[in-house]
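Let me begin by presenting the structure, written as structure tokens, before commenting on it.
Fair warning: this is a prediction, and the values are worked out from it, not measured in the lab. All chains are named by letter (A, B, ...) in the order of the sequence lines, taking the proteins before the strands, and each is independently numbered beginning at 1.
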Protein chains: 2
Amino acid sequence: MLSKSCEYALKSILYITKHSQNLERVGAKNISDELDIPYHFAAKLLQILAKADIISSQKGPNGGFYLTADNLTHSLADVVFAIDGNGIFVDCILGLKTCSETRPCPLHYEFIDIKIKIAKVFEDTTLDQIKSKLLSGEFYLNNLNVSCQYERKNK
Amino acid sequence: MLSKSCEYALKSILYITKHSQNLERVGAKNISDELDIPYHFAAKLLQILAKADIISSQKGPNGGFYLTADNLTHSLADVVFAIDGNGIFVDCILGLKTCSETRPCPLHYEFIDIKIKIAKVFEDTTLDQIKSKLLSGEFYLNNLNVSCQYERKNK
DNA sequence: AAAATAAAAGACCTTTATATCTTATTGTAA
DNA sequence: TTACAATAAGATATAAAGGTCTTTTATTTT
Ligand code: FES
Ligand code: FES
């Protein structure tokens, strides 16, 4: 559905959103540890998002990534666009070069609604809106760290 | 959304369906030419589908791929399963190892409906059902060959 | 019946894209 | 001025996509 890069980018920005109280900064190391993303991969994706003004960054000690009030108005669709482009929203399900009603593939009309719905989810979800939901603790961004429990056992 | 392999496999089986009048056989060469699929890539995918009893094949002169009455009862979901597995129907949109309500990601509930709808389209579309639709000529499996028109111009 | 031929089946290789790691640089705060 | 953390470029590993060749099987033709 989404590329690994895009999954990582979305999880990362949601993690930053969750920890963006009064401009608190989150390090790439922190993000990579918590979300099981290879450190330098996370760093690269965060760079792209920072360059696209979707997130803000600060170098130096106590530096890291954070969200300004303006950043919080962005939607998850902005993140998908920045990393994967608009393919998931507009491409033909069978891979025809152009998806249109002038030359539709046999699944074209069945997938119009689905693609609109997918776009709607990402576009309607702004970081601002999702923030309280993330803080509620009912939703997760990683899997249970079973290897950690395993190590404790061995001690 | 789907892998290139899966797109090719779906287009191929739809092409065979369209040409499956009284057990007519279609060659891999024919399919690869008509649908712009690399020949040996198409051949490999058709092998997988034949092994999974989704399509039938016949070696030797006038041989090729065709569909029995039994083959025609298969749905497009069977093809997706055989090539890509069930990932598109069940995987977490953010790539969590397990997608479930016990530990849902922030987009879990938004994507439940979408994934069910995608599964429904593929499962509800049997080859038998789609056959007449394909014969109507209102739907296409390839793009217009613009390079051909270009060459005509240069002559 | 034997030989020639057509087409799928299958093993294996090359290329390309994606994902991950390495190393070095730049800016910031204490 | 020193340590910290983002930025940046580039190398390596892995997986997906695409291509070459050989083998097997069935059908013609002689
Ligand atoms: S042409 Fe295939 S989905 Fe639109
Ligand atoms: S847990 Fe992410 S979609 Fe279900």
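In the hydrophobic clustering of this structure, L134(B) groups with L67(B); members are Ile, Leu, Val, Met, Phe, Trp, Tyr whose side-chain heavy atoms approach within less than 4.5 Å, directly or through other members.
Apart from Y39(B) itself, the hydrophobic cluster it occupies contains nothing, where clustering links Ile, Leu, Val, Met, Phe, Trp and Tyr at side-chain heavy-atom distances under 4.5 Å. Side-chain contacts under 4.5 Å among hydrophobic residues (ILVMFWY), followed directly or transitively, place I112(B) together with F139(A), Y109(B), I116(B).
Checked against side-chain contact (heavy atoms from CB on, under 4.5 Å), K117(A) has the following partners two or more places apart in sequence or in another chain: D113(B), I114(B). Remark: T126(A) engages no residue in a side chain to side chain donor-acceptor pair (under 3.5 Å) (not counting sequence neighbours). Every residue was checked against the side chain to side chain donor-acceptor pair (under 3.5 Å) condition with S132(B), not counting sequence neighbours, and none meets it.
Pairs passing the salt bridge (Lys or Arg N to Asp or Glu O under 4.0 Å) check and including a residue from residues 123-136 of chain B, sequence neighbours excluded, read E110(A)-K133(B), K120(B)-D124(B). Counting only residues at least two apart or on different chains, the salt bridge (Lys or Arg N to Asp or Glu O under 4.0 Å) pairs with a member in residues 12-33 of chain B are K29(B)-D33(B).
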Validation: residues 77-90 of chain A side-chain donor-acceptor distances under 3.5 Å, sequence neighbours left out:
{"from": "D78(A)", "atom 1": "OD2", "to": "S75(A)", "atom 2": "N", "distance (Å)": "3.1"}
{"from": "D84(A)", "atom 1": "OD1", "to": "S3(A)", "atom 2": "OG", "distance (Å)": "2.6"}
{"from": "D84(A)", "atom 1": "OD2", "to": "S3(A)", "atom 2": "N", "distance (Å)": "3.0"}
{"from": "D84(A)", "atom 1": "OD2", "to": "S3(A)", "atom 2": "OG", "distance (Å)": "3.2"}

Side-chain donor-acceptor pairs of residues 42-57 of chain B under 3.5 Å, sequence neighbours excluded:
{"from": "S56(B)", "atom 1": "OG", "to": "N71(B)", "atom 2": "OD1", "distance (Å)": "2.5"}

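For the pair E7(B) CD and dA16(D) C1', the interatomic distance rounds to 13 Å; values are reported in whole Å. Taking atom CD1 of I48(A) as the reference point, atom C1' of dA6(D) lies 14 Å away to the nearest angstrom. Rounding to whole angstrom units, CG of residue L46(A) and P of dA8(D) are separated by 13 Å. Q47(B) has its CD atom 14 Å from the C1' atom of dC21(D), to the nearest Å.
DNA chain D lies under 4.0 Å from at least one heavy atom of each of the following residues of residues 51-65 of chain B: Q58(B), K59(B), G60(B), P61(B), N62(B). Residues from residues 25-35 of chain A that place a heavy atom under 4.0 Å from any atom of DNA chain D, listed by number: V26(A), G27(A), A28(A).
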Output one line per pair: protein atom, nucleotide atom from nucleotides 13-22 of chain C, and distance, for all N/O pairs under 3.5 Å.
{"from": "dA19(C)", "atom 1": "OP1", "to": "K4(A)", "atom 2": "N", "distance (Å)": "3.2"}
{"from": "dA19(C)", "atom 1": "OP2", "to": "S5(A)", "atom 2": "OG", "distance (Å)": "3.2"}
{"from": "dT20(C)", "atom 1": "O4", "to": "K44(A)", "atom 2": "NZ", "distance (Å)": "3.2"}

